[in-house]
Amino acid sequence: KAGVTQTPRYLIKTRGQQVTLSCSPISGHRSVSWYQQTPGQGLQFLFEYFSETQRNKGNFPGRFSGRQFSNSRSEMNVSTLELGDSALYLCASTDRGGLGYGYTFGSGTRLTVV
Amino acid sequence: SQELEQSPQSLIVQEGKNLTINCTSSKTLYGLYWYKQKYGEGLIFLMMLQKGGEEKSHEKITAKLDEKKQQSSLHITASQPSHAGIYLCGAPPGGSNYKLTFGKGTLLTVNP
């Protein structure tokens, strides 16, 4: 069973640009959530999608957005990049979320904004 | 909002030694997940604890959940260099079904 796949693994962008990250969940998993990891703030929840609907969003500005496709693959987009957006972006998939359901994480996308 | 505090922040042990990492929650724990992370990489699932008093083991790693103390511990027996990495605890805040709140992590170094 393939794991959670995130592409690309590394990305370098310039301030002001936009970026799109991709996450393919484990087959059969309908929930995909995104996290930002930085040395200062640790892991912070961005948003979660379930069956193509955004169920919840964390405390991030509107520059951060996402979507989920009918095959459960998800993308997140960051517009007007800032230096502070440099981070490891992780996605996690689970069957439906909630107690008792494990969250499997991908290897992450390392975004560097210069 | 729920906060998870991990202790210690970092730990250096000699190969073969036992060690314990703690994760304390500011609010009621409805479940607790332990993950391991190599620097700059994804999180590797270790264990999931759902009920107070629950204890799970996998190879040389044992995790316990003390619901009353709002705390979980991760114990490694006879540590090996392969155990080195960052250990993170995560919990669903308020029993959330869509996200996890994480501790800041414990950096474990195992010297051969």
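The sequence lines fix the lettering, A, B, ..., with proteins before strands; numbering per chain opens at 1. Atoms considered below: every heavy atom in the structure, side chains included; atoms not considered: hydrogens, waters and symmetry mates.
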- request: Below 4.5 Å from any heavy atom of chain A, which atoms of B:Lys99 appear? Answer side chain, backbone, both or neither.
  value: both
- prompt: Taking side chain as C-beta onward, heavy atoms only, is A:Arg110 less than 4.5 Å from A:Leu88?
  reply: yes
field: Part of B:Leu100 within contact of chain A (heavy atom distance under 4.5 Å)
entry: both
query: Are the aromatic ring centres of A:Phe47 and A:Tyr49 under 6.0 angstrom apart?
result: yes
query: Do B:Glu55 and B:Thr62 have side chains that get closer than 4.5 Å, going by heavy atoms?
result: yes
message: Need one label for A:Gln37: side chain, backbone, both or neither, based on atoms under 4.5 Å from any heavy atom in chain B.
response: side chain
query: Going by the angle between their ring planes, with limits at 30° and 60°, are B:Tyr33 and A:Tyr103 parallel, tilted or perpendicular?
result: perpendicular
